[in-house]
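Everything below concerns the one structure shown next.
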Amino acid sequence: MEAAALLSPAASRPLPLLSTNAPACRLHSLLPPLPVSGRRLRPSARPRAPVESASQEVGTASSGEWSGDAIRRRFLDFYAARGHKILPSSSLVPDDPTVFLTIAGMLQFKPIFLGKEPRRVPCATTSQKCIRTNDIENVGRTSRHQTFFEMLGNFSFGDYFKKEAITWAWELTTKEFGLPPERLWISVFEDDDEAFSIWHNEVGVPKERIKRLGEDDNFWTSGATGPCGPCSEIYYDFYPERGTSDADLGDDSRFIEFYNLVFMQYNKKDDGSLEPLKQKNIDTGMGLERMARILQKVPNNYETDLIFPIIEKAASMAIVSYTTANDAMKTDLKIIGDHMRAVVYLISDGVIPSNIGRGYVVRRLIRRVVRTGRLIGIRGEGHGNSEGAFLPSLAEVAISLSSEIDPDAESRRKSILGELQREELRFVQTLERGEKLLDELLDEALSSAGNNGGKPCLSGKDVFLLYDTYGFPVEITAEIAGERGASVDMKGFDMEMENQRKQSQAAHNVVKLSVGNETEIVKSIPDTEFLGYDSLSATAVVKGLLVNGNPVNVVSEGSDVEILLDRTPFYAESGGQVGDNGFLYVYGEEDAKQKAVVEINDVQKSLGNIFVHKGTIKQGSVEVGKEIDAAVDAKLRQGAKAHHTATHLLQSALRNVIGSETSQAGSLVAFDRLRFDFNFHRPLSEEELIKIESLVNQWVGSSTHLETKVMGLQDAKNAGAIAMFGEKYGEQVRVVEVPGVSMELCGGTHVSNTAEIRGFKIISEQGIASGVRRIEAVAGDAFVEYVCARDNYMRRLCSSLKVKAEDVNGRVDTILEELRTTRNEVSALRSKIAVLKATSLASKATNFDNVSVVVENMGDVDADGLKSAAEYLVDTLEDPAAVILGSSPGDGKVSLVAAFSPGVVKMGIQAGKFVGSIAKLCGGGGGGKPNFAQAGGRKPENLPGALEKARDEIVAAISSKSR
């Protein structure tokens, strides 16, 4: 079942969230019990204590020969020698809306398995980067759980099937890697007699070492419907001396599954029945870290050369020895080693820490590393230097190990290290705030218990807040509380955790495949030939019509329709560029008169490389098989071309001004504007924006001819071409170059000369997520329209202010200063009036148990005036005194203030807590210090009742404290 079989679905406590906002909550348990293949592990396959197995002799080669890089290369070369094409790992950010992160090696081939894309090669082999966090609490505690792992795989797309997959897997395992055959066990689906026969009769595995398992264990499904089939796994036996009687392959202390073969041979229909697939496929997965553990003869995945160098670095920074460390320390070091690999590769693939989406996954893992590092004594840069951050030093080691699986990590080193440093330093501040909050919560719990005579206890909600928002492990909270003589409500905490777990179920966790009508359509309609680079009009033949997603033969006037053509000049939305608009015309075969007109308002790519023209029939009717004339709106296309080329120039200017480590995070190329998202940790200064804008306009004015060429993907990358965010590329790619300025892989439409852009203007620059900035700009005709509109606004402003354009700033500054002065004068007068009103209130103070109390409504006095009045009263009245004032300054607002003298505060009555509860009665809230606090609300009609409540509560509080 490929990678899924290598991870246990055991339920686990999710990692602390950053906040309780909804998006983060939904992602909290990112990948719950998942089999990519839809299969679950046996219930017995639960995490057990780490197996420190004896160093058994493995194969004929020494363990020193089996580095992780060597194992990866031997696997790929083995299958390359058998006709497989070696393909690179795809990004951890999948081009698949059903999957959150790349969780399996087969993901990049999903469209081929579905028949939605033609196979480019008959069979392939890869080493795929994968991320899963559903078992995050088991990381470091078992010998095999990881968040980041590499999945080695060989795939057949209708080429070979079961016999070859099994015999090659055995040859690779026993001959290439030299594993002793007597240590290998096999599992097969209970009804798969064919696989059993191959393993026993042709490979020679004894029957007693072949286990038949049920559907939950050994039948791969992609979902309720779609491709499926039996699977077979190979297990390594650490203790063959225990014999074959009653052997349980789910016993982690004895066995480890390292290679899985999925035989994709059926299509599961809506009624649950199975029908044979016309094209049978093979999907396999071998866990690189697991094979490295076996061949390197180490007790767990973490001590392989793929992870252990990071662990050693962390141990040295904590000034401890891994060899002599206790089990708890080793677990913490393993967590650090595992998570550092994950965050380095995620950031390398463009995932920046944030509170939502994939960025939230990165932030969770980073915070876990920081928290764990601090627990084992790493502070700052380590080695006694408590300043700075320690993650960059660990990341350096992870990057040094990345050359074979992610070469881009090295080139993005500066960006990765900078992001980690900023995120760590921010989180350290959060931790410190959490420590302060914990102290306050414990003080409150102890005080409350003292007053009520009960035992001090932190509520489950408070413990969850510390865990969820501030990253405090429950164990640490309980330990600190115990030192202060308090307990924690674990039952309440578990209830909060369960609520959050339920909220997390919406995350995409499974690679879903389905076979339906789309597959039949794609088989009958060829890919669309795109003519739009050279022409804006063409004659084409209607190959298909869709209404509401259903195929039809004729569509009449007034209907919305999707039209599939054999060739088209219309650009389909991709690479950030919107689809073209325009018209399709149908003419009579005899009289050449116009018979039908279709207005096209969008074009999308679907089912591989078929262009779907979406529009409305304005006149006549359209039939399948008829010839049409297609015409693109030239003005709109020119706008898209200008903005697309301007986007390339903008990216080059950004890299020139703020550094080459910045990278694209998204884009929109529209007819009238462009939007460019990029990874950067701070806002751009006005000076930087001016430089960027100036550079782009300089290149526009240079009238440089663009060059486009088609070349091999690797040749393009070697030439320095930049890949566009989120795009998938084949072996041959289109390269768009502005000589001396920009070179990018791009399938979009562009101007032929930069002069066609006419001009470039940045409209805005803002942050859209943590570490992600956005620039919006205009070019071409939109640039001219924007500048003309702004000039018109300036003319009107000059007319209103009666100054020249160059004097507008000075005049506006003068007006603003006059306005500020006037407002300050008005505020001062209002405060004086409020104080004058307060002088009469002092005489109205009532005395309760020797405490002077004033609770009054001051009409329409504003918040500043209310503050001045309260300060005057509390200073005028003798200590102890309590003053609570309210007002309705207008616009449906309520202002409240509470001022308590030192004597009242010593009684344990705090202004901040007091005024907050009163404000809630007025539809608001607030708080402040124990002696002074302000609050607001939106229900002035409730103010009289709220003040009456305040009077009752302050009197009651004084009376209870005076006893």
Quick one: do D327 and R141 make a salt bridge, cutoff under 4.0 Å? no

Side-chain ion pair, R242 and D237, N-O less than 4.0 Å: no

Over 60° means perpendicular and under 30° means parallel, so tell me whether F109 and F157 are parallel, tilted or perpendicular. tilted

Less than 4.0 Å between a side-chain N and a carboxylate O, is that true for R72 and D69? yes

For the residue pair E303 / Y322, report whether a side-chain donor-acceptor contact shorter than 3.5 Å exists. yes

Examine W168 together with Y160 and report whether their ring centres are nearer than 6.0 Å. yes

Would K129 and F148 count as a cation-pi pair here, with the cationic atom under 6.0 angstrom from the ring centre and within 45° of the axis? no

Going through the distances and angles, do T244 and R209 end up as a side chain to side chain contact (heavy atoms under 4.5 Å, CB included)? CA-CA 7 Å; T244 59; R209 292 212 311 275; 4.2 Å; yes

Do NZ/NE/NH1/NH2 and the carboxylate oxygens of R341 and E289 come within less than 4.0 Å? yes

Going by an N to O cut-off under 4.0 Å, is there a salt bridge joining R82 and E171? yes

D192 and salt bridge (charged side-chain N to carboxylate O under 4.0 Å, His left out): which single residue from R212, K211, K162 fits? K162

Are F177 and F75, when compared by the centres of their aromatic rings, separated by less than 6.0 Å? no

Would you please indicate yes or no on a ring centroid separation below 6.0 angstrom for F189 and F219? yes

D305 versus Q296, side-chain donor and acceptor atoms under 3.5 Å: yes

